[in-house]
2 protein chains.
Amino acid sequence: MPKIVDHESRKIRIAEATWEVIVEDGLEHATVRKIAKKARLSVGSLRNTFPTQSDLLQYSMQLVSERVRKRIESKRYDGAPLDAVLALFSEFLPADDERKIEMEVWFVFSAKTLTDPKLKTLFKKVYHDMHGLFREVLLKLKSAGCLKENFDLEIEATRLHTLIDGLGIHYLLYPEKMTHEKMMNALQFHLQSICKS
Amino acid sequence: MPKIVDHESRKIRIAEATWEVIVEDGLEHATVRKIAKKARLSVGSLRNTFPTQSDLLQYSMQLVSERVRKRIESKRYDGAPLDAVLALFSEFLPADDERKIEMEVWFVFSAKTLTDPKLKTLFKKVYHDMHGLFREVLLKLKSAGCLKENFDLEIEATRLHTLIDGLGIHYLLYPEKMTHEKMMNALQFHLQSICKS
DNA sequence: ATTTTTTTAGCACAACTGTATTAAAAAAAG
DNA sequence: CTTTTTTTAATACAGTTGTGCTAAAAAAAT
């Protein structure tokens with residue numbers, strides 16, 4: 001009977017190899033041959049799990065979006081003190097290598113969605129979840145009476161969301177200008193600026 | 001004697017054609033044949049002004065950075081009221097088509113710098129100028145006594161910079177979520193939040 | 001050991017790429 | 001018109017790409 005292979009974990013392994021190639025050489029050099037080599041597979045074997053390159057890239061992007069969304073879902077706010085909120089939000093900054101790779105791949109694919117509308121659906125979902133989390137946490141802070149009076153939920157969610165995305169992007173693009181410490185300082189200061197006391 | 005041609009304006013025309021191709025089809029499809037067609041030139045003629053594709057892309061990116069930097073330099077703050085500051089900062093949001101194209105090309109090239117270190121110099125310069133402008137304007141506001149007491153120049157420059165970049169990127173990536181009005185509201189609110197009264 | 005399926009390696013092909021070369025056409029200045 | 005240079009158009013070539021195909025090797029279950 002057939003040789004059994006765990007297709008799911010293989011797909012994941014290939015997708016992660018794809019990420020590595022993208023981070024090292026860029027999306028335009030993420031060829032099937034390079035990816036196969038990185039995943040230590042033959043091109044034929046890779047083609048067996050992903051018939052076309054388009055399938056491969058689509059899955060790779062989907063996996064990033066799933067990872068990010070799981071990160072979001074696992075981080076529901078439970079009413080802990082302000083330090084916990086800071087810790088929660090800082091989870092969306094590219095602090096460790098894993099998140100840095102994810103965000104870098106995410107960034108590269110983002111640029112691609114500008115000319116490849118097929119990919120936009122995944123991105124919209126992640127944006128929606130992310131924005132929803134920020135709204136939810138802010139709303140709970142508001143309910144707990146932690147926030148200042150002139151509070152506009154939509155504007156604050158937007159400010160928080162763009163601040164975090166902006167910090168992360170600056171960290172990726174200008175690592176000699178934007179440090180991890182600066183990101184945390186800016187985030188902490190921002191939180192304090194909308195809170196009472 | 002020779003047919004005279006304005007090489008400088010031709011280079012600009014080609015670079016702008018390159019931008020169009022990048023915006024329409026993406027950087028990886030910005031081939032010399034397509035760019036020549038878009039600029040209504042022959043490939044040979046294009047190769048006469050730009051010997052290699054690398055030269056072409058490098059100049060195209062340099063032109064974007066020059067345009068952005070000129071925009072920055074022309075926008076020195078002269079001590080006008082707060083509305084003027086808002087108007088000044090809003091110049092760096094992708095409001096009209098010209099700035100939207102510039103920012104989109106800028107964004108695409110940004111993603112490329114992650115794997116192509118040669119391009120980083122230009123980007124650092126623009127970052128530096130932009131950050132410097134924000135610092136300068138904030139400092140003048142501070143000197144004029146417009147700002148609140150707990151004011152940290154570096155953190156506020158970072159917050160402002162990342163907010164504006166974040167807003168613009170969200171506008172490019174999620175046009176159905178981020179509108180021009182929302183960008184302006186967020187920016188105005190942010191300014192007010194650091195100002196007295 | 002036999003059977004069944006997957007995996008592998010290699011080759012091949014057409015399409016597209018950047019780049020080079022060439023000769024003809026066009027244009028500007030004398 | 002003649003001369004000089006640029007522009008054009010066509011062709012060519014080598015490299016890389018995605019993809020398809022085939023035969024051998026490997027692996028798992030009977």
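In what follows, every chain begins at residue 1, and chains take the letters A, B, ... in the order their sequences are listed.
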Proximity to DNA chain D (any heavy atom under 4.0 Å), residues of residues 37-46 of chain B only: B:L41, B:S42, B:G44, B:S45

Side chain to side chain donor-acceptor pair (under 3.5 Å) pairs, two or more places apart, involving residues 171-186 of chain A: A:K182-B:E154

Distance-only polar pair, side chains of B:R47 and B:T52, donor-acceptor under 3.5 Å: no

Donor-acceptor contact present, side-chain A:T113 to main-chain A:S110, <3.5 Å: yes

C:dA20 OP1/OP2 closer than 4.0 Å to side-chain N/O of B:R47: yes

Interface residues of residues 49-64 of chain B with DNA chain C (non-hydrogen, below 4.0 angstrom): B:T52, B:Q53

Sorted by number, the residues of residues 22-34 of chain A with heavy-atom contact under 4.0 Å to DNA chain D: A:T31, A:V32, A:R33

B:W19 side-chain N/O to B:S60 backbone N/O, donor-acceptor pair under 3.5 Å: yes

Ring centres under 6.0 angstrom apart (B:F107, A:F107): yes

Please tabulate, one pair per line, all N/O donor-acceptor pairs under 3.5 Å involving side-chain atoms of residues 120-127 of chain A, not counting sequence neighbours.
{"residue": "A:K120", "atom": "NZ", "partner": "B:L173", "partner atom": "O", "Å": "3.2"}

Salt bridge flag under 4.0 Å for residues A:R135 and A:E156: no

D:dT6 OP1/OP2 closer than 4.0 Å to side-chain N/O of B:N48: no

Partners passing ring pair (Phe, Tyr, Trp, His ring centres under 6.0 Å) against B:F89 (at least two apart in sequence or in another chain): B:F134

Note: A:R69-A:E66 ion pair, threshold 4.0 Å (strictly below): no

Presence of salt bridge, B:R99 and B:D96, under 4.0 angstrom: yes

